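All of these numbers come straight from a predicted model, not from anything done at the bench.
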Amino acid sequence: MLISPEAKSLVMDSVTGRFEAGGSRITRRVNAKIKCKKCSHEIPRSSKFCPNCGEKQLQISEVITENTVLENITLTPDSSLVTFATLRDLERTTSAKDVVGGSGTSNPSVSVSSALPTLRMAGIEDVMLIQDFPLTTAAIGFSRLRSGPPAWLNSFPATKTTGTKIPVYTNCITSEAWMVKLCGRQIIRWLQSNSLLSEDYLKDTNFSSEEEATIWLVHRLSSETKSDDDRLLYEWIYSLLHSYSHLTLQLLGINSGLDASSLGEMLLTEALSYIIYAGESDIGGLSATFNQGLGLVADDIPDFARVCKFDPSCQKDDSGVCVGCLYTSRGCVNFNNDLSRSFLYGGQIMQNELKQNIK
Ligand SMILES: [Zn+2]
Ligand SMILES: [Zn+2]
């Protein structure tokens, strides 16, 4: 595998926010003319096909992957870090951090500017609005022929055109999404103050900059040869992100005019981030909330799910998560497992069959 220092830095620069979101900056950086591998015709790097001979060309995620080695990390096109960098780079992606820092492409709205300090206090480093979130839904079959049991998954019948292959029907659309990145330094402080990992593992982690903290975490989360502590770190951060994700999903359900059950989530653990996307019912609710209601969402985070209507039983018997608070009826990537209000507000949780108190 080739080690290209420039390509290696692209992904990390994106995750640490060293250059602005949106505007296809990565695409343009690698957009220097290349030669078609078949006919040697000179074409832009972003071309999907050669206009001269029709040969398929490598895409941006493949370009990043082809050249990237992050120490002992091998990146694949579907890895969280590449997904993060690719989505952050899309032409119409806006970052709240850029807007407030004055380097964003759009005019700073009052809502976005005032929201960032509140978000930071809640442990959120940045919120990005992805206006062209690529979404593919696939129907792989149907579960029943009549109303009663039995119900199992039946594939669609093969057609003349598919031959013996089983058809899968897909619908590719672009929708809107929020990509939220948590603050690396605050994650480390949370791990330290709750003694969730050994002192030895967390020694030398009092980083003075957010960038250093993010790099430290990203390397441990993406390492191919994970130690037991690395794996534990991954589990804690996964559950933390998942709890934040459900909280955000419910807040967007209230503030965006979209029903919470029409929203979906995606966790990018290695990039300390999660995504909430609008399904096919996209009506511009997520961009309107980003531009005009980010402050409202930020204000609600500290207390929104602090109390559940089924408390104290939810907190005592259900590890701080139930249908009355963080569960979602649809769209969860992990069937409502590995999340708890205790990760957000403190309390008791069950982790690896052990009861643990979190501050
Ligand atoms: Zn509850
Ligand atoms: Zn979920």
Side-chain angles (χ1 to χ4, degrees), residues 115 118-125 127 178 180-199 202 217 229 231-256 259-269 272-276 296-359:
T118 320
L119 289 169
R120 291 277 165 80
M121 281 200 311
I124 292 170
E125 169 70 10
V127 178
W178 277 28
V180 182
K181 181 174 175 289
L182 296 191
C183 181
R185 270 200 294 177
Q186 295 207 41
I187 291 178
I188 292 175
R189 231 173 285 147
W190 173 75
L191 293 165
Q192 287 169 336
S193 60
N194 285 295
S195 305
L196 298 177
L197 288 156
S198 68
E199 262 179 43
L202 290 175
L217 286 167
D229 276 335
R231 266 190 286 276
L232 195 56
L233 175 78
Y234 191 96
E235 279 176 31
W236 285 124
I237 295 183
Y238 180 93
S239 302
L240 180 69
L241 284 168
H242 198 195
S243 309
Y244 264 93
S245 173
H246 277 230
L247 176 74
T248 313
L249 194 145
Q250 300 207 348
L251 282 170
L252 283 173
I254 293 167
N255 287 288
S256 71
D259 192 76
S261 65
S262 74
L263 300 169
E265 71 175 344
M266 202 175 149
L267 301 181
L268 304 175
T269 312
L272 312 175
S273 305
Y274 58 90
I275 293 171
I276 306 293
L296 291 175
V297 174
D299 289 343
D300 276 346
I301 288 175
D303 284 313
F304 178 71
R306 195 177 284 275
V307 178
C308 168
K309 61 188 167 203
F310 294 122
D311 272 339
S313 120
C314 171
Q315 190 56 264
K316 279 199 172 141
D317 307 324
D318 297 322
S319 280
V321 60
C322 74
V323 284
C325 49
L326 289 188
Y327 278 2
T328 59
S329 53
R330 284 183 65 194
C332 177
V333 288
N334 196 10
F335 306 102
N336 288 320
N337 288 309
D338 299 321
L339 69 149
S340 166
R341 289 182 296 128
S342 305
F343 285 107
L344 307 166
Y345 307 113
Q348 218 168 49
I349 51 144
M350 288 290 284
Q351 187 88 357
N352 300 329
E353 318 276 295
L354 283 171
K355 271 205 169 136
Q356 186 135 11
N357 273 314
I358 304 250
K359 291 188 272 189

Under 3.5 Å, side chain of [X] to main-chain N/O of [Y], donor-acceptor pair present?
{"X": "N337", "Y": "N334", "result": "yes"}
{"X": "N336", "Y": "T328", "result": "yes"}
{"X": "S245", "Y": "L241", "result": "no"}
{"X": "Q250", "Y": "C325", "result": "yes"}
{"X": "E265", "Y": "V333", "result": "yes"}
{"X": "S340", "Y": "S319", "result": "yes"}

Looking at side-chain heavy atoms only, is the closest gap between [X] and [Y] below 4.5 Å?
{"X": "I124", "Y": "Y244", "value": "yes"}
{"X": "I276", "Y": "V180", "value": "no"}
{"X": "T269", "Y": "Y274", "value": "no"}

Please name all residues satisfying side-chain hydrogen bond (donor to acceptor under 3.5 Å, both in side chains) with [X], sequence neighbours left out, ordered by chain then number.
{"X": "R330", "result": "none"}
{"X": "Q315", "result": "S342"}
{"X": "S261", "result": "D259"}

Salt bridge (charged side-chain N to carboxylate O under 4.0 Å, His left out): pairs with one or both residues in residues 180-194, sequence neighbours excluded:
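Residue pairs with at least one partner in residues 180-194: K181-E210.
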
To the nearest 0.5 Å, what is the distance between CG on L182 and CG on L217?
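If I round to the nearest 0.5 Å, the distance is 10.5 Å.
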
Hey, could you give me the CG/SG distance between L267 and C332, rounded to the nearest 0.5 Å?
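Reported to 0.5 Å precision, the distance equals 8.0 Å.
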
Between Y234 and Y238, what is the ring plane arrangement, given parallel below 30°, perpendicular above 60°, and tilted in between?
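Answer is parallel, since the angle falls under 30°.
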
Should the ring pair W236 and W190 be called parallel, tilted or perpendicular, given that the plane angle runs from 0 to 90° and is split at 30 and 60?
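Rings of W236 and W190: perpendicular, over 60°.
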
Might you point out which heavy atoms bring F343 and S239 nearest each other, and give the distance in Å?
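Scanning both residues completely, I find the closest heavy atoms to be CZ-CB, 3.3 Å.
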
Give the minimum heavy-atom separation between L247 and A305, together with the two atoms involved.
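Here L247 and A305 meet closest at CD1-CB, 4.0 Å.
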
Who passes side chain to side chain contact (heavy atoms under 4.5 Å, CB included) against V321, sequence neighbours left out?
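Only L326, Y327, L339 meet the side chain to side chain contact (heavy atoms under 4.5 Å, CB included) criterion with V321.
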
Salt bridge (charged side-chain N to carboxylate O under 4.0 Å, His left out) with D311: which residues, sequence neighbours excluded?
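Partners of D311 by the salt bridge (charged side-chain N to carboxylate O under 4.0 Å, His left out) criterion, ordered by chain and then number, come out as R341.
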
